[in-house]
Amino acid sequence: MPKRDKQALGQRLLAAFRAAGAVEVAPDILLPAGALLDLYGEDIRARAYVTADPIRGEMMLRPDFTVPVVQAHMENGAEPARYCYLGEVFRKQDMGDLRPEHLRDNEYLQCGLELFSRHPGADAEVFALFHRLLAPYGLSAETGDMGLLMDAVRGLPVSDARRAALLHHIWRPGRFQRLLDRFSAPVAPRDFPAVTAPWAGLRGEDEMQARIARLRADATEPPLPPLWSDRLKRLFALRAPAPQAVAALRDLAGEMPAIAPAVQRIETRLAAIGGQGIDPSGVIFDASHGRTTMEYYDGFTFSFLATRPGLPPVASGGRYDALTRMLGKGREIPAVGGIIRPGVLAELEAAA
């Protein structure tokens, strides 16, 4: 696909975002790696291009736009505000699947919008804008809510340490399930004899003693009752047209009271999406949607997918309120955004 075709399509999308009131920004291509690794998690290191600068330290080719846009807004921006952008991002191939039909470009265009607003209808507004722009391509729309899953974990009858571990790995389904299985089984007693030799290694004595204390406390904690694992399993597996999913979530909220506020929030959002002229029955709600994307999403998530196999999501996005708190240095503002891949749209147009 010629690069000029992708750029031309990207410019059309960018013009639409500008027409929606967004200010165009152009974050640097080479970014400090430290903040990105803290925010994305170390897993991004395997997919990002990282290099060392003798003056600036460890640097990373831009893996996406959201973090630098949030950083700039929290340093200088007023509220509410909306920004748009078009430019390249850089990702290594996923070593988990090197089949030729699954290999993607290491450098590809992203065109996106970020909205900083306290308005309760911001999620529906952003979703509806993407829905209108992508309607001609016959894509399927899917949504989720990471806050729903995090509230479910926070409501488990487990220790704070186990709850924190599960929340930390909620974006890694395999690791999360292994932890849940371990917490659902009795812990074998472990003996930690007194240490008489000098401490060695990178960790200090205080840190190691604290680790031993946590392991001892964990060994005495009773296993998570099976009914809670079953409830989580049913929640995470829920996938249906949005109205049917909401009905199922209401039933689950009767067994998992901690998710009741999130269920109400999802229901209100769907009503707002309907108010934008979109039929909610044509939108899939997948409770696990967003679990394998960037770790900064903490609420509403969405994607638009092509029916043609082997293509990545045409568009994706979500809410990331916690990210503004982390970067805001005492300030915060609710924020939601998303990106479109002009290159994938260009492929779909060429195949039409």
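Computation of the quantities below employed the complete heavy-atom set of this structure, encompassing side-chain atoms and omitting hydrogens, waters and symmetry-equivalent molecules.
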Is there a chain of hydrophobic side chains (I, L, V, M, F, W, Y, each step under 4.5 Å between heavy atoms) that links [X] to [Y]?
X	Y	value
M146	I284	no
L139	L109	no
L86	V69	no
L14	L134	no
V283	L305	no

Practice item. Verify the distance criterion only: is there a donor paired with an acceptor across the side chains of Y137 and E349 at less than 3.5 Å? Key: yes
Review point. Regarding E107 and Y49, is there a side-chain donor-to-acceptor distance under 3.5 Å anywhere?
Key: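 The answer is no; no qualifying pair exists.
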Return the minimal non-hydrogen interatomic distance between [X] and [Y], and the atom names on each side.
X	Y	value
T66	E114	OG1-OE2, 3.2 Å
D321	P334	OD1-CA, 3.2 Å
I170	R291	O-NE, 2.9 Å
L327	V67	CD1-O, 4.1 Å
L270	P280	O-CG, 3.9 Å
C111	L13	SG-CB, 3.7 Å

Exercise for review: Apply the test side-chain contact (heavy atoms from CB on, under 4.5 Å) to residues M74 and I333: give CA-CA distance (whole Å), side-chain angles for both, the deciding distance (0.1 Å), then the verdict.
Suggested key: CA-CA 9 Å; M74 299 312 292; I333 179 172; 4.1 Å; yes
Check your understanding: Checking side-chain contact (heavy atoms from CB on, under 4.5 Å) for the pair F90/M60: CA distance, chi angles, key distance, verdict?
Key -> CA-CA 9 Å; F90 305 85; M60 181 183 293; over 6 Å; no
Point to revise | Donor-acceptor pair, side chain of S117 and main chain of P80, under 3.5 angstrom | key: no
Review point. Counting N and O atoms only, with roles assigned by atom type, does the side chain of R319 sit under 3.5 Å from a partner on the main chain of F300, one being a donor and the other an acceptor?
Key: no
Parallel, tilted or perpendicular: rings of [Y] and [X] (30°, 60°):
X	Y	result
F302	F304	perpendicular
F116	H73	parallel
F176	F236	tilted

Review point. Is any side-chain N of the basic residue among R234 and D230 closer than 4.0 Å to the acidic one's carboxylate O?
Key: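 Result for this pair is yes, salt bridge flagged.
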**Study point:** Note: R154-D151 ion pair, threshold 4.0 Å (strictly below)
**Key:**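 A salt bridge is present here (some side-chain N lies under 4.0 Å from a carboxylate O).
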Practice item. Test side-chain contact (heavy atoms from CB on, under 4.5 Å) on Y296 and V70 and set out the steps. Key: CA-CA 11 Å; Y296 48 67; V70 174; over 6 Å; no
Less than 4.5 Å apart, any side-chain heavy atom of [X] and any of [Y]?
X	Y	value
F183	L156	no
L148	L235	yes
H119	E125	no
Q276	L129	no
F65	I339	no
F285	Q244	no
D53	L30	no

At what distance, to the nearest 0.5 angstrom, does [atom1] of [X] lie from [atom2] of [Y]?
X	Y	atom1	atom2	value
R163	M150	CZ	CE	14.5 Å
M59	I29	CE	CD1	12.0 Å
R341	E347	CZ	CD	10.5 Å
Q110	E88	CD	CD	10.5 Å
D145	S288	CG	OG	12.0 Å
Q11	R4	CD	CZ	15.0 Å

Point to revise | salt bridge (charged side-chain N to carboxylate O under 4.0 Å, His left out) partners for D181, two or more places apart | key: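 Result, salt bridge (charged side-chain N to carboxylate O under 4.0 Å, His left out) vs D181: none returned.
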Which donor-acceptor pairs under 3.5 Å do side chains of residues 16-28 form with protein atoms, sequence neighbours excluded?
| unit_1 | atom_1 | unit_2 | atom_2 | d |
| --- | --- | --- | --- | --- |
| R18 | NH1 | E24 | OE1 | 3.1 |

Exercise for review: Would you please indicate yes or no on a ring centroid separation below 6.0 angstrom for Y85 and Y83?
Suggested key: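 Between Y83 and Y85, the centre distance exceeds or equals 6.0 Å.
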Practice item. Kindly state each residue pair satisfying salt bridge (Lys or Arg N to Asp or Glu O under 4.0 Å) with at least one member in residues 128-142, sequence neighbours excluded. Key: E142-R239
